[in-house]
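Worksheet: one structure, shown below.
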Amino acid sequence: MIHDYTLKRSNRKTVAIHIRDGLVEVRAPYSAPIASIESFIFSKERWIEEKLMHSRLRISNKEQFSLDYGSLLVYRGFFYPIVGKPENTIGFDDDEGSFYMPLNLTPEQIKKYCVEIYKMLAKRDITERVYKFSSLMQVSAYEVKVNSAKTRWGSCSSKRSLNFSWTLIMADDEAIDYIVVHELAHIAHMNHSSNFWALVRRYVPDFEQHKARLKELQRRLSNEDWN
């Protein structure tokens, strides 16, 4: 059986299969005959079935994702509840340990306010970590921004502007520090050379463990709808 698929041709040299949003996309060279493309698809049948199953499960999980008062949110590796307060304010109560917002909101409104709170926390906490490690590493960032990137935890521009996804604030402190050090190290080395990794390892010797935990968080986020 050949799955329904979308074919995209380009100047690439090989045929590749991508599973996205429960659909099969095949990328092939202009010169590749349909017969050879479909033979390749057939040879990957089991792999396609497995990837489609996982993709459709993620779609289903995202469709069911919802937040309400009492729901638990992860912040810096720990879980805290969403609570409603009579006041018309939103934020995170450091003493009580909760995300707070007005009462009688819809699930979509609650999610919207949760994202706003996360962004505020990310800007505050990650900037603080940048200042700490900038001093230790003797490098200086021009600015620190928080964005909504979904595929990268952080980035560093040639102008020394550091950008971090607000979702990074869900990670534990050690993993956050790894990403901060990683991006600061790019100010000294705008590559992933041995010198770059030596600098990262100097300040985060066990960074491989933190990379693994970040992958776990990424898998969790792939099943949640934060849009």
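We count residues from 1, following the sequence as given. None of the values given here were measured: they were computed from a predicted structure.
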Please report the interatomic distance OG(Ser66) to CD1(Ile110), rounded to the nearest 0.5 Å. 7.5 Å
Report yes or no: does Ser165 contribute a side-chain atom to a donor-acceptor pair with the main-chain N or O of Ala149 at less than 3.5 Å? yes
Atom pair CG (Leu162) and OG (Ser157), whose distance is rounded to the nearest 0.5 Å: 7.5 Å
Flag the pair Asn195 / Leu199 as yes when at least one side-chain heavy-atom distance between them is below 4.5 Å, and no otherwise. no
Can Ile187 and Met137 be said to form a side-chain contact (heavy atoms from CB on, under 4.5 Å), step by step? CA-CA 10 Å; Ile187 294 176; Met137 299 169 68; over 6 Å; no
Do the side chains of Phe164 and Lys123 get nearer than 4.5 Å, heavy atoms only? no
Does some side-chain heavy atom of Tyr75 sit less than 4.5 Å from a side-chain heavy atom of Asp125? yes
Between the side chains of Glu87 and Thr89, does any donor sit under 3.5 Å from an acceptor? no
Please examine the side chains of Glu174 and Arg213, heavy atoms only from C-beta on, and report whether any two atoms are closer than 4.5 Å. yes
If we only count heavy atoms from C-beta on, is the Leu168 to Leu214 side-chain gap below 4.5 Å? yes
Stepwise side-chain contact (heavy atoms from CB on, under 4.5 Å) test for Leu73 and Ile82: CA-CA 7 Å; Leu73 299 178; Ile82 301 171; 3.8 Å; yes
Members besides Val83 in its Ile/Leu/Val/Met/Phe/Trp/Tyr cluster (side-chain heavy atoms under 4.5 Å): Tyr100
Under 3.5 Å donor-acceptor, Arg9 side chain and Ala32 backbone: yes
Do Phe65 and Val74 sit in the same hydrophobic cluster, where Ile, Leu, Val, Met, Phe, Trp and Tyr count as joined when their side-chain heavy atoms come under 4.5 Å apart? yes
In this structure, are over 12 heavy atoms from other groups packed under 6.0 Å from Tyr113 atom OH? no
Step by step, would you call Ser155 with His186 a side-chain contact (heavy atoms from CB on, under 4.5 Å)? CA-CA 9 Å; Ser155 63; His186 276 312; over 6 Å; no
Taking only Lys NZ, Arg NE, NH1 and NH2, and the carboxylate oxygens of Asp or Glu, determine whether Lys119 and Glu116 approach each other closer than 4.0 Å. no
Over 60° means perpendicular and under 30° means parallel, so classify the ring planes of His182 and Phe196, tilted if in between. perpendicular
Would you say the side-chain atoms of Tyr80 pair up with the backbone N or O of Asp94, donor to acceptor, closer than 3.5 Å? no
Check for me, please, whether Met190 and Leu184 land in the same ILVMFWY cluster - side-chain distances under 4.5 Å, paths through other members count. no
Would you call Lys132 and Asp173 a salt bridge, using N to O less than 4.0 angstrom? no
Heavy-atom distance under 4.5 Å between the side chains of Leu52 and Val24, does that happen here? yes
Treating Ile, Leu, Val, Met, Phe, Trp and Tyr as nodes and any side-chain heavy-atom pair under 4.5 angstrom as an edge, say whether Tyr131 and Phe133 lie in one connected cluster. no
Under the salt bridge (Lys or Arg N to Asp or Glu O under 4.0 Å) test, residues paired with Glu128 that sit two or more places apart: none
Non-hydrogen side-chain atoms of Trp153 and Thr167 separated by less than 4.5 Å: yes
Donor-acceptor check, side chain of Ser222 to backbone of Arg219, threshold 3.5 angstrom: yes or no? yes
Trp226 vs Tyr118 aromatic rings, parallel, tilted or perpendicular, using cut-offs 30° and 60°? perpendicular
Is atom CG of Asp206 surrounded by more than 12 heavy atoms (other residues, nucleotides or ligands) closer than 6.0 Å? yes
Atom CZ in Arg129, atom CG in Asp177: separation rounded to 0.5 Å? 4.0 Å
What's the separation between atom CG in Asn61 and atom CG in Asp225, rounded to the nearest 0.5 Å? 11.0 Å
Looking at side-chain heavy atoms only, is the closest gap between Val139 and Arg160 below 4.5 Å? no
For the atom pair CG (Asp21) and CD1 (Ile59), what is the distance rounded to the nearest 0.5 Å? 5.5 Å
Same cluster or not: are Tyr30 and Tyr5 linked, directly or through other Ile, Leu, Val, Met, Phe, Trp or Tyr residues, by side-chain heavy atoms under 4.5 angstrom apart? no
Check whether Ser43 reaches the backbone of Phe40 with its side chain - one donor and one acceptor, N or O, closer than 3.5 Å. yes
Under 3.5 Å, side-chain donor or acceptor atoms of residues 10-19 against the rest of the protein: list the pairs with distances, not counting sequence neighbours.
unit_1 : atom_1 : unit_2 : atom_2 : d
Ser10  : OG     : Arg12  : N      : 3.3
Arg12  : NE     : Thr14  : O      : 2.5
His18  : NE2    : Arg27  : NH1    : 3.4

Run the numbers on Lys85 and Leu103 for side-chain contact (heavy atoms from CB on, under 4.5 Å), then give the verdict. CA-CA 6 Å; Lys85 291 190 175 184; Leu103 295 165; 5.9 Å; no
Are Leu72 and Phe92 joined in one hydrophobic group, where the rule is that I, L, V, M, F, W and Y side chains link up if heavy atoms are under 4.5 Å apart? yes
Please answer whether the main-chain N or O of Leu136 pairs with a side-chain N or O of Tyr203 as donor and acceptor at a distance below 3.5 Å. yes
